[in-house]
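Naming: A, B, ... by sequence-line order, numbering from 1 per chain. Here the structure is a predicted model, which is why all the values come from computation and not from measurement.
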Amino acid sequence: MNLTEKQEEIIQEFEVFDDWMEKYEYIIDLGKDLPKIDDANKTEDRLIEGCQSRVWLDSHFNNGKMHFTADSDAIITKGIIGLLIRVLDGEEPKNIATADLFFISKIGLQEHLSPTRANGLLGMVKRLKLEAIKHISAA
Amino acid sequence: MSNLEQKPFNVREIREEFPALRQQVYGKNLIYFDNGATSQKPKLVLDAINLFYSKENANIHRGVHYLSQRATTDYEAARQRIQRYLGARKPEEIIFTKGTTDSINLVAFSYGSTLSAGDEILISAMEHHSNIVPWQMLCERQGCILKVAPINQRGELIMDEFDKLLSKKTKLVAITHISNTLGTVNPIKEIIQKAHAVGSKVLIDGAQSIQHMRINVKELDCDFYVFSSHKVFGPTGIGVLYGKEELLDRMPPYQGGGDMIARVTFERTTYNELPFKFEAGTPHIAGGICLGKAFEFLESIDMEAAERHERELAKYAEDMLDTFEGLQIIGEAKNKTSVVSFSLKGIHPFDIGTLLDKQGIAVRTGHHCTQPLMDFYGIPGTVRASFAFYNTKQEIDTFVEAVERSLSMLK
Ligand SMILES: Cc1ncc(COP(=O)(O)O)c(C=O)c1O
């Protein structure tokens, strides 16, 4: 599946939810299932400080593809991270750098990535793309 | 100037005056519990905003024409209404600013410029960043020293420690009347007396008290009292600095520009008299006039009954929340207003706030611009419900149910 197809799949999954609380129940479950980053690895250089919740991001470049792990102290933020990783993990750097993450607003979560939502998510996406760009220029 | 009659306190009738309270968000009736951040506006204020821009809009203090004179009269009438409400001696003691933050910065720059290296500013551990940072900046400029009076676990100022920090070196005590994060009501009358006894001036941050209780600056005898219009049912972008005339008179201007001058030549400028000396440039004219309207509205409210009602709401909410496992109320001062802050073991405040939002309930989560206070409690932030006199017990019932539901999802 390419980036667009993965996003469309998520949008479809979200169509079954009737109300906000169901949607968030699902996001919270995703957050609970996402692998944690060990406390020892929650270092300053991996930290993206939001005004409220914090995000830690770890990325690796392997065989031409990018891989990510991320964590947050807020479970909803973490659930959304889970969705972002599902879309972006295993993609080539150039696809990540130019990715239009349209699914976020389609499933109604755009507020979490708006500059006023100080949860570190917008910063995380920026950092993800920067990491990807580094590997494009290195290639 | 028209006057509304003061009526017996009736929440249902008061709610009728606030259109913003009658709306749905995410298909739920809005419950607005973020009054500590900003208040909703009564019709009286909303209509006045519309009227000003529809019929009266003109610049003030400088026009010969009808509209300008009318706007000037209304703007100055608002100043007088606020003066009377606060019990200030003269309208000249009411300076219009942009808000609490702006008022504090004005004092920090202007009064601050009269201080010397080694002079001390005394604040408390529960201050809003707006009542910390301007003093830190002053200390950097002038070599003054910032002292911080500690609090106990309940969130009350430790008066013995305060007394020890107060000395002949103290030139200003700058302290909040009510903590925006904890709801603690500080004993400002006692603080003012003690500060005056050592020759210090006192600035009261009234951002969280003006909307909850009757304030009389003459009785308090504070030297400065500051607040924001938007938290007291008026528009954003305007606020007040009350200062004693003899003090304001001796203070140099803060910003230069139009309106604050008596005469300008390239060699020398003389300044206008109070209050204009501190009001450079075209002010927020509609804001000032409509803040006057907010006070007209307040005059129609039995504030003692309103305060009782608000405290009852807080007590009611706390008693119910207290039964939740792992929930800790932050701020348990004996004397506190209608702020209920809490944290939950293992759950981030942001998650609760997000789920409450989706259930139609507006609260605030985070550090509430009081990071040193959060450090004191060793938490990243709290969930804060802050009530106004238009809130009801039914709303709290719904809120408590929503907290319960959120917890069951997050655990
Ligand atoms: C106690 C206190 N002081 C100062 C402020 C700052 O007010 P403003 O942002 O309106 O200038 C606030 C607002 O949150 C406050 O609660």
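Ion pairing of Glu25(A) with Lys358(B) is absent here, as no side-chain N (NZ or NE/NH1/NH2) approaches a carboxylate O to less than 4.0 Å. We find that Asp34(B) and Arg384(B) are joined by a salt bridge, their nearest charged nitrogen and carboxylate oxygen being less than 4.0 Å apart.
Between the side chains of Ser130(B) and Thr100(B), no donor-acceptor pair is found at a separation under 3.5 Å. Using a 3.5 Å distance cut-off with no hydrogens or angles, the side chains of Ser103(B) and Thr97(B) do pair a donor with an acceptor. Asn41(A) and Asp71(A) share no side-chain donor-acceptor pair at under 3.5 Å. Side-chain atoms of His128(B) and Thr176(B) include no donor-acceptor pair closer than 3.5 Å.
In terms of the ring-ring contact (aromatic ring centres under 6.0 Å, His included) criterion, residue partners of His129(B) (sequence neighbours excluded) are, by chain and number, His367(B). Partners of Phe227(B) by ring-ring contact (aromatic ring centres under 6.0 Å, His included), not counting sequence neighbours, listed by chain and number: Phe295(B).
With a 4.5 angstrom heavy-atom cutoff, Ile28(A) touches chain B only via side-chain atoms.
Heavy-atom proximity under 4.5 angstrom to chain A picks out Arg405(B), Met409(B), Leu410(B), Lys411(B) from residues 395-411 of chain B. At a heavy-atom separation below 4.5 angstrom, chain B is approached by Trp20(A), Met21(A), Tyr24(A) within residues 5-24 of chain A.
From Arg46(A), atom CZ reaches atom OG of Ser59(A) across 9.0 Å, with rounding to the nearest 0.5 Å.
Looking at heavy atoms from C-beta onward, Glu318(B) lies in side-chain contact with Lys336(B) at the 4.5 angstrom threshold.
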